[in-house]
Amino acid sequence: MRDTDYDVIVAGGGMAGLITAASIAEFSKQNARVLVVDRNSEDEPGKKTSAGWICGDAVSKNSLDFLAKSTGIVYGRPEIEHEVEGVMVYSPDHSTKVLFEGAGYILNRKLLPRRQVEDAKKRGVEFQFGVSLESLIAEDGYVKGVVGRTRNNEVFKKTARVVVDATGSASLLRVRLPIKAKIQREIDRDDMVATGRYIYEFDVAEEDPSYFDPKYALIHLDQYLAPGGYAWTFPKGQNKVNIGLGYQKRALDARNRRFGKSDGLQDLIDEYVAKNRVIRNPRLSSSPDDKGNEKGHWQVPVRRPNDCMVANGYAVVGDAAWMPRPIDAGGIGPAIHGSVILGRTVAEALEAGDVSEAGLWKYNVEFMRTYGYQMASFEVLRRYLQTLPNEDIDFGMRYFLSQEDIGLITHRRHPKFSNLLNPALMVRVMEKPGLARGLKYTVDKSEKLIAHNQNYPETPQKFDEWQKALLKELQETYIKFGLA
């Protein structure tokens with residue numbers, strides 16, 4: 001006999017929600033009843049905003065390999081639209097490039113959720129479309145279900161032993177969490193970036209791989225075009241591109257004051273596209289697979305993940321857990337890793353009959369120790385880069401990044417800027433002593449934060465002490481950079 005409608009309700013049918021649901025069903029030895037509740041219609045699953053499935057669309061091969069190995073889920077065409085050999089990051093003056101990551105894919109985010117719904121249904125997952133969730137049901141200190149409304153304004157109410165919140169960075173469920181929990185409910189405005197992009201077809205004006213390269217996803221650092229963030233040109237073919245940028249509001253305000261401008265997101269994107277030497281006559285994609293998804297904007301969290309992602313009967317994942325990487329706002333890879341780990345943890349907790357904070361705690365520990373331990377260090381590097389003008393970024397990438405650093409960055413590890421200690425480059429260090437000190441500070445702070453996060457507490461009892469030490473380290477950084 002079941003005392004709830006479902007074992008698990010997954011709130012949100014986007015990337016993280018659908019993979020979590022499929023993973024729970026895959027790992028469950030008791031055929032757990034799983035329901036996904038999505039506000040979208042069944043023919044538009046996973047739609048992020050009214051403008052479409054807005055995303056950069058890039059994911060590493062490593063992340064999809066992890067998904068396949070863990071769950072047996074393998075993606076192919078048409079949800080994978082284009083393959084790339086890596087992600088290349090360019091300095092503002094385009095003179096220096098760094099391979100940020102290895103082989104990967106550019107996805108079609110409109111088609112992918114349809115495939116993910118099929119994967120989940122094959123594993124027995126049920127779906128309820130057209131419902132906007134508004135609140136959580138709580139009883140005896142546990143989350144016990146969800147409440148929302150259908151498109152006909154009818155009350156929707158279902159109970160579950162566990163609710164997984166995958167409703168995005170601005171999750172109302174997390175903000176209104178009705179039980180005592182260690183989960184942080186609100187995010188600082190400076191830890192959000194406003195992003196937008198086009199999916200364009202275009203004519204090739206000239207060959208210049210620093211502006212467009214079918215073999216590489218390009219990231220451009222530029223404090224004028226993308227203040228506090230970055231711009232991207234991700235190929236979807238020889239003459240098709242996902243192109244856009246993200247900015248931080250504080251940085252954009254400072255940039256506008258400096259140059260006497262009043263630019264907003266659309267102004268920045270259009271100027272970035274206009275300055276691309278390869279792209280001529282850009283026009284919105286004519287492919288039926290892109291219809292309703294050709295352009296749009298959204299908000300992305302760029303801080304470390306939520307310090308705690310579980311409570312009694314409740315867990316957050318994906319953007320709702322602020323999982324996108326702080327340094328590049330990439331959210332698909334972290335969501336895949338987090339969703340699989342959460343799916344396994346929930347399945348085990350159901351089997352053990354313990355869905356308490358302690359029973360779900362393994363999700364925190366495993367994600368932090370296998371994937372999330374570097375996020376706080378990249379948060380520090382991001383915040384430092386946001387304080388630098390383009391000329392310092394150009395100089396630092398040209399002279400202070402060693403081959404060892406490039407290798408570390410390629411494997412998504414924090415650079416050590418070992419050239420700062422190279423006697424042959426001491427003249428360069430003396431040209432920019434403030435920059436050298438700042439980079440050295442981020443290295444030292446990174447090592448502290450990584451070591452601290454790799455010692456994430458194995459039980460909830462030691463969490464408060466661990467978090468207090470983490471916040472102290474970060475606050476020291478904010479003061480150092482003049483951001484507090």
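Every value quoted in this text rests on a predicted model; they were computed, and no experiment measured them. Numbers here are sequence positions counted from 1.
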Any donor-acceptor N or O pair under 3.5 Å, side chains Tyr371, Arg325 = yes

ask   = Should the ring pair Tyr211 and His220 be called parallel, tilted or perpendicular, given that the plane angle runs from 0 to 90° and is split at 30 and 60?
value = tilted

query = Do Arg258 and Gln223 have side-chain atoms, one donor and one acceptor, less than 3.5 Å apart?
reply = no

query = Which heavy atom of Cys55 sits nearest a heavy atom of Arg109, and at what distance?
reply = SG-NH1, 3.1 Å

query = Can Tyr200 and Phe202 be said to form a ring pair (Phe, Tyr, Trp, His ring centres under 6.0 Å), step by step?
reply = CA-CA 6 Å; Tyr200 273 145; Phe202 62 92; 8.5 Å; no

message = Do Arg383 and Tyr478 form a cation-pi contact, if we require the NZ or CZ to be under 6.0 Å from the six-membered ring centre and within 45 degrees of the ring's axis?
response = yes

Check: Arg303 side chain, Trp322 main-chain N or O, donor-acceptor pair, under 3.5 Å = no

request  = Check whether the side chains of Asp43 and Ser41 place a donor and an acceptor atom closer than 3.5 Å, and report yes or no.
outcome  = yes

request  = For the residue pair Arg398 and Ser95, confirm or rule out a side-chain donor-acceptor distance under 3.5 Å.
outcome  = yes

ask   = What residue pairs, at least two apart or across chains, pass ring pair (Phe, Tyr, Trp, His ring centres under 6.0 Å) with a residue in residues 39-65?
value = none

message = Please determine whether ring pair (Phe, Tyr, Trp, His ring centres under 6.0 Å) holds for the pair Tyr105 and Tyr75, giving the CA-CA distance in whole Å, both sets of side-chain angles, and the decisive distance to 0.1 Å.
response = CA-CA 10 Å; Tyr105 308 97; Tyr75 299 144; 9.6 Å; no

query = Can you name the residues that form a side chain to side chain contact (heavy atoms under 4.5 Å, CB included) with Lys448, not counting sequence neighbours?
reply = Glu473

request  = Would you sort out whether Asp253 and Lys249 count as a salt bridge (Lys or Arg N to Asp or Glu O under 4.0 Å), showing the intermediate values?
outcome  = CA-CA 6 Å; Asp253 290 344; Lys249 185 180 186 306; 2.7 Å; yes

message = Are the side chains of Leu268 and Leu225 in contact, using a 4.5 Å heavy-atom criterion?
response = no

message = I'd like to know if Arg176 and Glu134 make a salt bridge, using a cut-off of under 4.0 Å between side-chain N and carboxylate O.
response = no

task = Look up atom CG in Leu439 and atom CG in Asp444, then write down how far apart they are to the nearest 0.5 Å.
result = 11.0 Å

task = With the side chain counted from C-beta on, respond yes when Arg197 and Phe234 share a heavy-atom pair under 4.5 Å apart, and no when they do not.
result = no

message = Between the side chains of Asp464 and Lys468, is the shortest nitrogen-to-carboxylate-oxygen separation below 4.0 Å, so that they form an ion pair?
response = no

key: From CA spacing to verdict: salt bridge (Lys or Arg N to Asp or Glu O under 4.0 Å), Arg382, Asp190   = CA-CA 11 Å; Arg382 169 185 68 84; Asp190 284 345; over 6 Å; no

Salt-bridge present (Arg277, Asp208; N to O < 4.0 Å) = yes

message = Please tell me whether Asn242 and Asp57 have a donor and an acceptor in their side chains that are separated by less than 3.5 angstrom.
response = yes

message = Quick one about Asp270 and Tyr198 (side-chain donor to acceptor, distance below 3.5 Å, no hydrogens or angles considered), yes or no?
response = yes

task = List the steps, then state whether ring pair (Phe, Tyr, Trp, His ring centres under 6.0 Å) holds for Phe481 with Tyr441.
result = CA-CA 10 Å; Phe481 295 159; Tyr441 177 86; 5.7 Å; yes

query = Just by distance, do the side chain of Asn256 and the backbone of Asp263 share a donor-acceptor pair under 3.5 Å?
reply = yes

query = Tell me, do Lys275 and Asp222 make a side-chain contact under 4.5 Å, heavy atoms counted?
reply = no

Asp290 and its salt bridge (charged side-chain N to carboxylate O under 4.0 Å, His left out) partner, picked from Lys295, Lys236, Lys240 = Lys240

ask   = Under 30°, 30 to 60°, or over 60°: which ring-plane class applies to Phe127 and Phe129, parallel, tilted or perpendicular?
value = parallel

query = Are the side chain of Glu101 and the backbone of Leu99 linked by a donor-acceptor contact shorter than 3.5 Å?
reply = no

inquiry  = Measuring only between side-chain heavy atoms, which start at C-beta, is Asp328 closer than 4.5 Å to Val302?
reply    = no

message = Donor-acceptor pair, distance only, cut-off 3.5 Å: does the side chain of Asn364 make one with the backbone of Met309?
response = yes

query = Is the shortest distance from a Lys or Arg side-chain nitrogen in Glu476 or Lys480 to a carboxylate oxygen in the other one below 4.0 Å?
reply = no

inquiry  = Would Ser132 and Arg149 count as a side chain to side chain contact (heavy atoms under 4.5 Å, CB included) here? Give the steps.
reply    = CA-CA 6 Å; Ser132 296; Arg149 288 192 176 273; 5.8 Å; no

inquiry  = Is it true that Asn62 and Ser60 share a donor-acceptor pair across their side chains at a distance under 3.5 Å?
reply    = no

message = Quick check: do Val143 and Leu177 have side-chain heavy atoms less than 4.5 Å from each other?
response = yes

ask   = With side chains defined as the heavy atoms from C-beta onward, is the minimum distance between Leu18 and Asp38 less than 4.5 Å?
value = no

ask   = Salt bridge or not for Asp213 and Lys97, using N-O below 4.0 Å?
value = no

request  = Would you check if Leu474 and Arg304 make a side-chain contact, meaning some heavy-atom pair closer than 4.5 Å?
outcome  = yes

